[in-house]
Amino acid sequence: MVIRPAPHPVAAPYRGRFAPSPTGPLHFGSLVAALGSYAEARVQGGEWWVRMEDLDRPREVPGAAQAILATLEAFGFEWDGPIVYQSQRTAAYAVALDRLDEQGLLYACACSRREIAAIGRPGPEGPLYPGTCRNRDPSGRGARAIRLRVETPPIAFQDAVQGLVTQDLETEVGDFILRRADGLHAYQLAVVVDDAWQGISHVVRGADLSRSTPRQILLQHYLGLPTPIYAHLPLVLDGQGRKLSKSDAAAPVDSRNPVPTLLQAWAFLGQPALAEPPLNPEEFWGQALTLWRLARVPAAARRPPAPSPPE
Ligand code: GLU
């Protein structure tokens, strides 16, 4: 048996979002996620919101949030609504955590990473939590994280790009953390609370996050929140075939010369060549939004195409 999420109400208006973490400047991989989510929202006649995922204060790079917004502007993205900052949303995450606690789904855990690594079975995302603190009171053992008791059949969802994605959370993820020992709420909790609070109907983002989606669907289920429609865009690989990521200092995109990068991201997402070479982002978007089709986006991870030669 698998849990399949309840579909989002069909009448819901389209509202998409881009949710960068300010851990560094925008690189090509995040530009692809921004472009894909923006183009799909606009072609569907929908809204596109920006949410700054600045929850993990220790990993934040000073000035990165401002730099990301300036880059989005330089690339011609126009967002709806106010920008939501997760650092302002702690009270809402605490309420959600209480709701889960009332259902007996949470427990405090005082295990160190080292203890977990020593006895946890290896999983795709590191050692699985062995359940040491599930049934004991860790009082007196120092700082505690809060974990969700994962007892669920496999979770499946229909991804608009990747097709059917299924994950067995018990064997692939285990009891995951919702609040860290340092008191910070985890991404998985915050994203679910905010996607629902902001009325996000469609989530278009990088395929690295498709392995997080079943965790998010499970939390939506426990919190009585709707499940958005998901589309996970192909992952951008670097020259060595590894995922590009901001924290690995992948090269930032060049805000002074946005058009070649926009065209490169456009081609990466399997979209057809524009009829006229655009001279600026406005011209790019003017043509792009008449052509974009999510159905053309390939599923598999790959390297970016070579930049188009200068005119
Ligand atoms: N903040 C996450 C990131 O930058 C993305 C979260 C999401 O789109 O759900 O990787």
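Both counts, for ligands and for their atoms, begin at 1 and track the order of listing. Computed over heavy atoms, backbone and side chain alike; hydrogens, waters and symmetry mates excluded.
Contact between Phe18 and ligand 1 is absent, with no heavy atom of the residue lying under 4.0 Å from the ligand.
Taking every heavy atom of Arg17 and a limit of under 4.0 angstrom, the matching atoms of ligand 1 come to 7 (C), 8 (O), 9 (O). Near Tyr187, meaning under 4.0 Å from one of its heavy atoms, ligand 1 places the atoms 6 (C), 7 (C), 9 (O). Taking a cut-off of under 4.0 Å to the non-hydrogen atoms of Val191, the atoms of ligand 1 that pass are 9 (O). Atoms of ligand 1 found under 4.0 Å from any heavy atom of Arg205 (numbered from 1 in listed order, with element): 7 (C), 8 (O), 9 (O).
In summary, the side chains of His202 and Arg15 do not present any donor paired with an acceptor at a separation below 3.5 Å, with no hydrogens or angles considered. One side chain, Trp292 or Glu40, offers a donor N or O that lies under 3.5 Å from an acceptor on the other.
Heavy atoms of Leu209 found under 4.0 angstrom from ligand 1 belong exclusively to the side chain.
The side chain to side chain donor-acceptor pair (under 3.5 Å) check on Trp285 picks up nothing, with sequence neighbours excluded.
Within the structure, every pair that satisfies the side-chain hydrogen bond (donor to acceptor under 3.5 Å, both in side chains) test and touches residues 87-111, not counting sequence neighbours, is listed here: Asp54-Ser87, Arg89-Asp194, Tyr93-Asp194, Tyr107-Asp175.
Geometrically, ligand 1 and Ser21 share a nitrogen or oxygen pair separated by less than 3.5 Å.
By the 4.5 Å heavy-atom criterion applied to side chains, Phe268 and Leu35 are not counted as neighbours.
Checked for salt-bridge contact, Glu78 and Arg42 miss the test: no charged N lies under 4.0 Å from a carboxylate O.
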